[in-house]
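We name chains A, B, ... by the order of the sequence lines, and we start the count at 1 in each one.
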2 protein chains.
Amino acid sequence: MTQLFGDPSDTREEILAATYRALQTHGYAELTIDRIGEEFEKSISLIYHHFDDKDDVLVSCLEFMLDQYEHGHTGVSVDEPDAIEEIIESVLDPACSSEEQSLVSSLVELRAQAAHDPEYRAHFDRSDQVFRDRFAAIIRAGIDTGAYNASCDPDAVADTIHTALIGAMVRRATTDSTEWINAVETELQAYLRAQIYT
Amino acid sequence: MTQLFGDPSDTREEILAATYRALQTHGYAELTIDRIGEEFEKSISLIYHHFDDKDDVLVSCLEFMLDQYEHGHTGVSVDEPDAIEEIIESVLDPACSSEEQSLVSSLVELRAQAAHDPEYRAHFDRSDQVFRDRFAAIIRAGIDTGAYNASCDPDAVADTIHTALIGAMVRRATTDSTEWINAVETELQAYLRAQIYT
DNA sequence: TATTGTTGATTGAACGTTCAATCAATACGA
DNA sequence: TCGTATTGATTGAACGTTCAATCAACAATA
């Protein structure tokens, strides 16, 4: 997961990797071009040779990560039977590395930019579609194998789980409280099973 | 709802009202002290006589709104039998005034600040508690009247609904897509009823 | 030579914040 | 009652910093 930007093959990718690192250490709010420069071996002004502006770098970084995710899980993983349950579990894992947590925090901050910036908005539109479609595909695969209930609506369930997980990530990133985490995990699993089985 | 800042009784409240208006027209990202000043009859520097800094104004504005909400709904409304269903419906109302929508957008942007700013974080900690407790109280009231199932866990259901609604608001504020909205509403109502009845 | 990559220095604007000064109102003392 | 402190509200102008973005020059490569 941290080797997302393992070996940048390009100056462009070097910049994206530096951006990723700067994002992880400073978060979006404190992220400046200079701070990206600190993580980048070469000159700051070189960034403007490869990207239009600061937001272009950030959005490109997001796009890169999403592409990696998409191609990493290219074939619909029928392999894992309880794939969604495991995703819920990992998002709501009470003990979660601070690195992962700071990445989630940054993603939450970045998503908030989509409230006023069309380029971020376009990205998260696509992002939501990718995850939603993946959830739906997993459910459909389960239906095909006969493990899941054929009369449930894969798209509706996928959208609901995805929406709830966004809420969970936002809540984690923006509050100190944690008591809700276990309860929400239990309830989401219960909801999912109720829809998917019987 | 818009008359939240109906008649500011104070210079302090005038500033908060101006902040609210500036927030609604510009959003958080484009919000400057000058823009607040445009909505404020008196001088910009007067703001610093009443508040520590820019964020203090914003957080105070949030606190004011939350207080208003809290005191407006002080008594647990047992009056409405399907209060939670209606709240879900209103948050996921497909046709939603652009004023309400822009307020939600701003709230999403403001919540994102809690990812790195302790003062925002403290506010949204309290905010979550207020809403969660309200949901739980409604459910408990339903159990007391015998309308709801006594063996469900009010706190867990409350936290889950609240988390999902945060996700829904964030998704609405940060993407253009709307197809998911109706599906998610249906599913949330289904989940709620499954937990609350029988 | 032409093109692409790279650099350090510089620019210009935006923005939050400060500050000295003015004003209105109230309280106080003679 | 009249003058005098005192206080809080209010103002406009200015300051200092941050930061994204530009630019002219240099290196490398083909």
Side-chain angles (χ1 to χ4, degrees), chain A residues 5 7-62 64 106 109-110 112-120 123, chain B residues 5 7-62 64 106 109-110 112-114 116-120:
Chain A
F5 294 94
D7 60 327
S9 59
D10 218 341
T11 298
R12 212 185 128 91
E13 282 189 18
E14 275 175 35
I15 295 171
L16 296 182
T19 304
Y20 177 83
R21 268 176 268 129
L23 207 48
Q24 202 162 253
T25 45
H26 301 288
Y28 175 80
E30 322 282 347
L31 186 66
T32 66
I33 290 283
D34 281 335
R35 297 230 214 262
I36 295 177
E38 286 169 10
E39 300 286 335
F40 180 46
E41 284 183 327
K42 302 170 189 174
S43 170
I44 289 173
S45 39
L46 184 55
I47 296 172
Y48 289 95
H49 185 71
H50 291 277
F51 299 93
D52 293 341
D53 53 27
K54 187 188 171 188
D55 284 327
D56 186 29
V57 182
L58 270 298
V59 173
S60 299
C61 188
L62 286 169
F64 183 88
S106 295
E109 288 185 276
L110 287 164
Q113 306 309 309
H116 57 93
D117 186 316
E119 314 220 3
Y120 284 94
H123 167 80
Chain B
F5 295 93
D7 60 328
S9 60
D10 218 340
T11 299
R12 212 186 129 90
E13 282 189 17
E14 276 175 36
I15 294 172
L16 296 182
T19 304
Y20 177 83
R21 268 176 267 130
L23 207 48
Q24 201 162 254
T25 45
H26 301 288
Y28 174 80
E30 321 282 346
L31 187 66
T32 65
I33 290 282
D34 281 334
R35 297 229 215 262
I36 296 176
E38 287 169 10
E39 300 287 336
F40 181 45
E41 284 183 326
K42 303 169 189 174
S43 171
I44 288 173
S45 40
L46 183 56
I47 296 171
Y48 288 93
H49 185 71
H50 291 276
F51 300 92
D52 293 341
D53 53 27
K54 188 188 172 189
D55 284 326
D56 186 30
V57 182
L58 270 297
V59 173
S60 300
C61 188
L62 286 170
F64 183 88
S106 295
E109 289 184 277
L110 288 164
Q113 306 310 308
H116 57 91
D117 186 316
E119 315 221 1
Y120 283 94

Asp52(A) CG to dT22(D) C1': how many Å, rounded?
-> 14 Å

Check the distance between dG16(C)'s P and Arg35(B)'s CZ and give it to me in whole angstrom.
-> 10 Å

Please state how far atom CD in Glu38(A) lies from atom P in dC19(D), giving the value in whole angstrom units.
-> 11 Å

Closest to the Ser43(B) side chain, choosing from dA21(D), dA9(C), dT10(D) | dT10(D)

Rounded to the nearest angstrom, tell me the gap between atom CG in Asp53(A) and atom C1' in dC19(D).
-> 13 Å

Is any side-chain N or O of His49(A) closer than 4.0 Å to OP1 or OP2 of dG5(C)?
-> yes

Just how far, in rounded Å, is C1' of dA24(C) from NZ of Lys42(B)?
-> 12 Å

Determine whether Phe51(B) and Leu16(B) make a side-chain contact, defined as any pair of heavy atoms from C-beta on separated by less than 4.5 Å.
-> yes

Here the distance between atom C1' of dG8(C) and atom CD of Glu41(A), to the nearest Å, is 18 Å

Interatomic distance where CD1 belongs to Ile15(A) and P belongs to dT6(C) [whole Å] | 8 Å

Using atom CG of Leu46(A) as one end and atom C1' of dA9(C) as the other, report the distance to the nearest whole Å.
-> 16 Å

At under 4.0 Å, does any side-chain N or O of Thr11(A) touch on OP1 or OP2 of dT6(C)?
-> yes

Give, for atom CZ of Phe5(B) and atom CD of Glu14(B), the distance between the pair rounded to the nearest 0.5 Å.
-> 12.5 Å

Between Ile15(B) and His50(B), does a side-chain contact (heavy atoms from CB on, under 4.5 Å) hold up when you go through it step by step?
-> CA-CA 9 Å; Ile15(B) 294 172; His50(B) 291 276; 3.9 Å; yes

Please answer whether the main-chain N or O of Gly37(B) pairs with a side-chain N or O of Lys42(B) as donor and acceptor at a distance below 3.5 Å.
-> no

Which one, dA20(D), dT11(D), dG8(C), comes nearest to the side chain of Ser45(A)?
-> dG8(C)

Tell me what Thr32(B) touches on the nucleic acid: a base, only sugar-phosphate, or nothing, going by heavy atoms under 4.0 Å.
-> sugar-phosphate

